[in-house]
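So the structure is just underneath, and the comments pick up after that.
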Amino acid sequence: MPKTRQLYLDPTILVRSFGVTLTNTALIPPHAPGWHELIYATQGVLTVRTEQAAWVLPPHRAVWIPQGVQHRLEMSGTVALRNLYVRADIRPSGWAPADCCVVNVTGLLREIIVRTIQWSVLDTRKPEQRHLIGVLLDELKVLHSVPLQLPAPKDERAVRFAALAASEGGASTPVPKLLRACGASRRTMERLFQEETALSLGQWLRRQKLLQSLKLLAAGQGVQSIAEELGYQSTSAFIAMFRRELGQTPGRYFQPE
């Protein structure tokens, strides 16, 4: 039996890990039924996509993916990917988020991730690893989610609108022009986005620009240039939006907490 398969079946192994460093590429990470996943990058900015939504992660955020959710990773620049897989049948239940979400990575959680990558797995038969499992579960219980999710619409017109808004130059294209290209009125598109994403069209566009700005900031682009590219009338307007959504200025956001 392959070693990877043995790790899936061994009941004493409660946590596995996956680490790789890639540049400007896409990846579908290894996954198996019965394992939750914590997706984290110690370096670079990572985009995580599922059928329902997309998330953009700077180095002090992670995405929690419950068991069974298919996902795809996209690397912006050089990304040091460091993922943990946690058995879903650990008792007691209720120790982790039930839905996909972006979470803050504390200094302690980061060190747990790095150490687990070094060991490859956490095995209850080894005292030092058994102790770390307990600390990890305590950290997972208090994960603090942050609003970095961009829900994906399903209606064909809304999907086209989202694709156009995300395309090069789309962020600065007037909304009426995008609506005409999709063959829908503002009222219709508002209804579609509210029903399918639980966000108004304006809220969804702000969230889309926010996530795009994280990629650009990580690439070293200046705040003024980003504001212009995303169609804001001034740098201060962009900074105000950023602070309103994430509670920090763009410059402060990428600093470890």
Side-chain angles (χ1 to χ4, degrees), residues 1-22 25-42 44 46-57 59-75 79-106 108-146 148-149 152:
M1 180 183 297
K3 184 176 181 181
T4 301
R5 180 63 175 167
Q6 291 176 339
L7 294 180
Y8 280 118
L9 298 179
D10 190 336
T12 69
I13 293 176
L14 302 189
V15 181
R16 301 182 297 109
S17 66
F18 173 72
V20 66
T21 300
L22 299 169
T25 189
L27 172 71
I28 298 177
H31 193 63
W35 294 79
H36 300 311
E37 185 173 357
L38 185 68
I39 301 175
Y40 177 61
T42 58
L46 181 66
T47 301
V48 181
R49 297 187 185 278
T50 68
E51 290 185 357
Q52 288 74 37
W55 300 264
V56 175
L57 306 179
H60 57 294
R61 313 290 191 199
V63 165
W64 177 260
I65 303 287
Q67 63 168 326
V69 178
Q70 296 299 316
H71 53 284
R72 174 184 176 88
L73 309 180
E74 299 172 3
M75 288 47 163
V79 173
L81 187 65
R82 304 292 184 260
N83 291 0
L84 295 187
Y85 298 84
V86 185
R87 289 183 69 101
D89 59 359
I90 292 177
R91 295 292 183 267
S93 60
W95 52 267
D99 301 312
C100 296
C101 60
V102 173
V103 297
N104 286 328
V105 175
T106 63
L108 177 57
L109 181 55
R110 183 187 188 282
E111 293 308 312
I112 293 173
I113 294 171
V114 171
R115 176 57 60 90
T116 304
I117 290 288
Q118 293 172 349
W119 283 339
S120 179
V121 301
L122 296 182
D123 191 329
T124 57
R125 292 170 296 186
K126 299 181 179 181
E128 70 277 16
Q129 294 184 13
R130 183 170 63 248
H131 174 71
L132 197 59
I133 290 171
V135 179
L136 171 62
L137 295 182
D138 285 342
E139 283 294 288
L140 294 178
K141 288 178 185 176
V142 295
L143 286 176
H144 176 63
S145 62
V146 290
L148 288 178
Q149 174 176 323

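Start at 1 with the first residue, then count along the sequence.
- When side chains are defined from C-beta on, Y40 does not count as touching L57, because their heavy atoms never get closer than 4.5 Å.
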- Query: Can you list the steps and then say if V135 with L108 is a side chain to side chain contact (heavy atoms under 4.5 Å, CB included)?
  - Reply: CA-CA 9 Å; V135 179; L108 177 57; 4.1 Å; yes
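- Counting only heavy atoms from C-beta outward, the side chains of L140 and V103 never approach each other to under 4.5 Å.
- Looking at V86 and L38, their side chains never come closer than 4.5 Å, going by heavy atoms from C-beta outward.
- Across R110 and V105, no two heavy atoms sit closer than the pair N-CG1, 3.7 Å.
- Heavy-atom neighbours of D138 CG from other residues, nucleotides or ligands within 6.0 Å: above the threshold of 12.
- Minimum heavy-atom separation, T50 to H71: CG2-CB, 3.9 Å.
- Atom CE of M75 is separated from atom CG of L22 by 4.5 Å, given to the nearest 0.5 angstrom.
- A 4.5 Å side-chain heavy-atom check between Q70 and I65 finds every atom pair outside the cut-off.
- What you find for R49 and A54 is that their closest heavy atoms are NH1-CB, 3.5 Å.
- Taking each heavy atom of A53 and Q149 in turn, the nearest pair found is CB-CG, 3.6 Å.
- Expressed to the nearest 0.5 Å, how far CG of D89 lies from CG of L14 amounts to 8.0 Å.
- Summarising the geometry, atom OG belonging to S120 is positioned 9.0 Å from atom CD belonging to Q129; distances are rounded to the nearest 0.5 Å.
- Separation of atoms CD1 (I117) and CD1 (I112) is listed at 13.0 Å; rounding is to 0.5 Å.
- Under the 4.5 Å side-chain criterion, counting only non-hydrogen atoms from C-beta, R87 is in contact with W35.
- Counting heavy atoms from C-beta outward, L81 and V20 have side chains that approach closer than 4.5 Å.
- Here the straight-line distance linking atom OG1 of T106 with atom NE2 of H60 works out to 12.0 Å at 0.5 Å rounding.
- Distance CD1/I39 to CZ/R82: 14.0 Å, rounded to 0.5 Å.
- In summary, of the residues considered (N83, L136, I133, L84), a side-chain contact (heavy atoms from CB on, under 4.5 Å) with T116 occurs for L84 alone.
- The two atoms that bring A41 and G44 nearest to each other are CB-O, 4.4 Å, heavy atoms only.
- Residues W119 and E128 form a side-chain contact, since some pair of their non-hydrogen atoms from C-beta on lies under 4.5 Å apart.
- Judged by distance alone, the side chain of T12 and the main-chain N or O of T124 form no donor-acceptor pair under 3.5 Å.
- Between Q67 and P33 the shortest heavy-atom distance is OE1-C, 4.4 Å.
- Looking at heavy atoms from C-beta onward, V48 lies out of side-chain contact with E37 at the 4.5 angstrom threshold.
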